[in-house]
Amino acid sequence: MEGYEPLKQAQRVFRHLPHDPRCKLCRSPFAGIGGKVFGAMGRKPSRKNPNLCQSCFDRLPDGGIEIDVGVVFADVRASTAMAEGATASDFASVLNRFYATASDVLIQHDGLVDKLIGDEVMGLFVSGLPGTDHRRKAALAALDLATSVPDVPLGVAANAGIAFVGNVGSGAVRDFTALGDAVNVGARLQSHAAAGEVVLAADLYALVVADHPGARSETVKLRGRSEPVEVNVLRI
């Protein structure tokens, strides 16, 4: 993200090739002759974010680095009751609509769609894509997510901190994701959010308070964690 020489070399080459749209990191073209050629070489749009190519994320080698990230979690509330009162196909249709809309919101804010887990979506924000504003974009994405599917009750949370980011797993089962306390805290804060609420870590809320005043302050004790977390809760 900052000075990685192979990436800088790729950018110098790809930026001269036609044509847009192209990967926001390596600048590899997605369209035209260049897109066809490099797409066949594994540089098609990534499933994590179509503004990035597969080589920049999906096909990275094992391992990673510790960097500052923003994480967003959104969960469908009362999904068990919802599933009980609907056919399996109708319930799947609701979740697919939630997945699609949530993915669009994360991508619009330059985030990565990290995981779709049952009735939950996890978004990841690293500075390589949105720039140094990745923390604020994570908070804004969380706020937008809360109102993205009006007829589906969502609980949303966002946190930020140092995490291990890279490809984890073994063999054929590998995934690009983030691991660490910052991610675990984000997941726990999401479980603290009631339907229609957004729980933001206090340092994230400070980045958006001018446009979203009126949040209540809380000190949250998280299960399995010794230190409490200062948060701000917004009712959307």
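If you're wondering where the values come from, they're calculated on a predicted model, not measured in any experiment.
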If Ile, Leu, Val, Met, Phe, Trp and Tyr residues are connected whenever their side-chain heavy atoms lie under 4.5 Å apart, and connections chain through other members, are Tyr205 and Val229 in the same group? no
With rounding to the nearest 0.5 angstrom, report the SG to CG distance, Cys23 to Asn49. 9.0 Å
Where is the tightest heavy-atom contact between Ala158 and Val72, given as atom of each residue plus distance? CB-CG2, 4.0 Å
Please list, chain by chain and in numerical order, all residues satisfying side chain to side chain contact (heavy atoms under 4.5 Å, CB included) with Ala92, sequence neighbours excluded. none
When clusters are formed by joining ILVMFWY residues with side-chain heavy atoms under 4.5 Å apart, either directly or through shared neighbours, do Leu116 and Val76 land in the same one? yes
Sub-4.5 Å side-chain heavy-atom contact between Val233 and Val198: no
Rounded to the nearest 0.5 Å, what separates atom CD1 in Ile67 from atom NE2 in His134? 7.5 Å
Evaluate the side-chain proximity of His192 to Glu218: yes if any heavy-atom separation is below 4.5 Å, no if none is. yes
Can you confirm whether Arg22 sits close enough to Ser28 that some side-chain heavy atom of one is under 4.5 Å from a side-chain heavy atom of the other? no
Given side chain to side chain contact (heavy atoms under 4.5 Å, CB included), test Val156 with Val199 step by step and report yes or no. CA-CA 6 Å; Val156 185; Val199 177; over 6 Å; no
Has Lys115 got more than 12 heavy atoms of other residues, nucleotides or ligands less than 6.0 Å from its NZ? yes
State, with a plain yes or no, whether a side-chain heavy atom of Arg223 is found less than 4.5 Å away from one of Arg188. yes
Between Thr87 and Asp90, does the side chain to side chain donor-acceptor pair (under 3.5 Å) criterion hold? Intermediate values first, please. CA-CA 5 Å; Thr87 67; Asp90 287 343; 3.1 Å; yes
Give the intermediate values and the outcome of side chain to side chain contact (heavy atoms under 4.5 Å, CB included) for residues Leu143 and Val208. CA-CA 10 Å; Leu143 292 164; Val208 298; 4.2 Å; yes
Not counting sequence neighbours, which residues clear ring-ring contact (aromatic ring centres under 6.0 Å, His included) with Phe91? List them please. none
Could you tell me the separation between the CD1 atom of Ile236 and the NE2 atom of His212, rounded to the nearest 0.5 Å? 7.5 Å
Contact between Val183 and Val185 at the side-chain level, heavy atoms closer than 4.5 Å - yes or no? no
Thinking salt bridges, do Asp151 and Arg97 make one under a 4.0 Å N-O criterion? yes
Any salt bridge linking Asp211 with Arg136? Criterion: basic side-chain nitrogen under 4.0 Å from a carboxylate oxygen. yes
Measure across Ala201 and Asn159 and return the closest heavy-atom pair with its distance rounded to 0.1 Å. CB-OD1, 3.2 Å
Lys44 side chain to Phe30 backbone, donor-acceptor under 3.5 Å: no
Common cluster, Leu200/Leu222, ILVMFWY with side-chain heavy-atom separation under 4.5 Å: no
Donor-acceptor pair, Ser79 side chain versus Met82 backbone, under 3.5 Å? no
Where do Pro213 and Leu234 come nearest, in terms of heavy atoms and distance? O-CD2, 3.9 Å
Please report the interatomic distance CD(Gln190) to CZ(Phe73), rounded to the nearest 0.5 Å. 7.5 Å
In this structure, CZ of Phe176 is separated from CG of Asp114 (nearest 0.5 Å) by 8.0 Å
Please test Arg225 against Asp181 for salt bridge (charged side-chain N to carboxylate O under 4.0 Å, His left out), starting from the C-alpha separation and ending with a verdict. CA-CA 9 Å; Arg225 193 173 191 271; Asp181 182 60; 2.8 Å; yes
Side chain to side chain contact (heavy atoms under 4.5 Å, CB included) evaluation trace for Asp110 with Phe125: CA-CA 7 Å; Asp110 290 330; Phe125 292 77; 5.6 Å; no
Heavy-atom closest pair, residues Arg235 and Ala194: NH2-CB, 4.5 Å
Same cluster or not: Val71 versus Leu52, using hydrophobic residues (I, L, V, M, F, W, Y) connected whenever any side-chain heavy atoms lie under 4.5 Å apart? yes
Kindly indicate whether the side chain of Leu25, heavy atoms from C-beta on, has any atom under 4.5 Å from the side chain of Asn51. no
Decide yes or no on side chain to side chain donor-acceptor pair (under 3.5 Å) for Gln54 and Ser46, but give the supporting numbers first. CA-CA 4 Å; Gln54 293 174 348; Ser46 169; over 6 Å; no
Measuring only between side-chain heavy atoms, which start at C-beta, is Thr80 closer than 4.5 Å to Glu84? no
Working to the nearest 0.5 Å, report the span between CG of Leu106 and CG of Asp144. 10.0 Å
Would one find more than 12 heavy atoms of other residues, nucleotides or ligands at under 6.0 Å from atom NZ of Lys36? no
Okay, side chain of Arg47, backbone of Val113: is any donor-acceptor separation there less than 3.5 Å? no
Should Asp203 and Arg135 count as an ion pair when the cut-off is N to O under 4.0 Å? yes
State, to 0.1 Å, how close Phe98 and Leu154 come at their nearest heavy-atom pair, and which atoms those are. CE1-CD2, 3.6 Å
Show the numbers, then the answer: is there a side chain to side chain contact (heavy atoms under 4.5 Å, CB included) between Cys26 and Cys53? CA-CA 8 Å; Cys26 72; Cys53 74; 3.6 Å; yes
Heavy-atom closest contact (Ala178 atom, Ala163 atom, distance): CB-CB, 4.2 Å
Sub-4.5 Å side-chain heavy-atom contact between Ser148 and Leu145: yes
Output yes when Glu197 and Arg216 qualify as a salt bridge under the 4.0 Å nitrogen-oxygen rule, no when they do not. yes
Ile65, Ile162: one ILVMFWY side-chain cluster at the under-4.5 Å cut-off? no
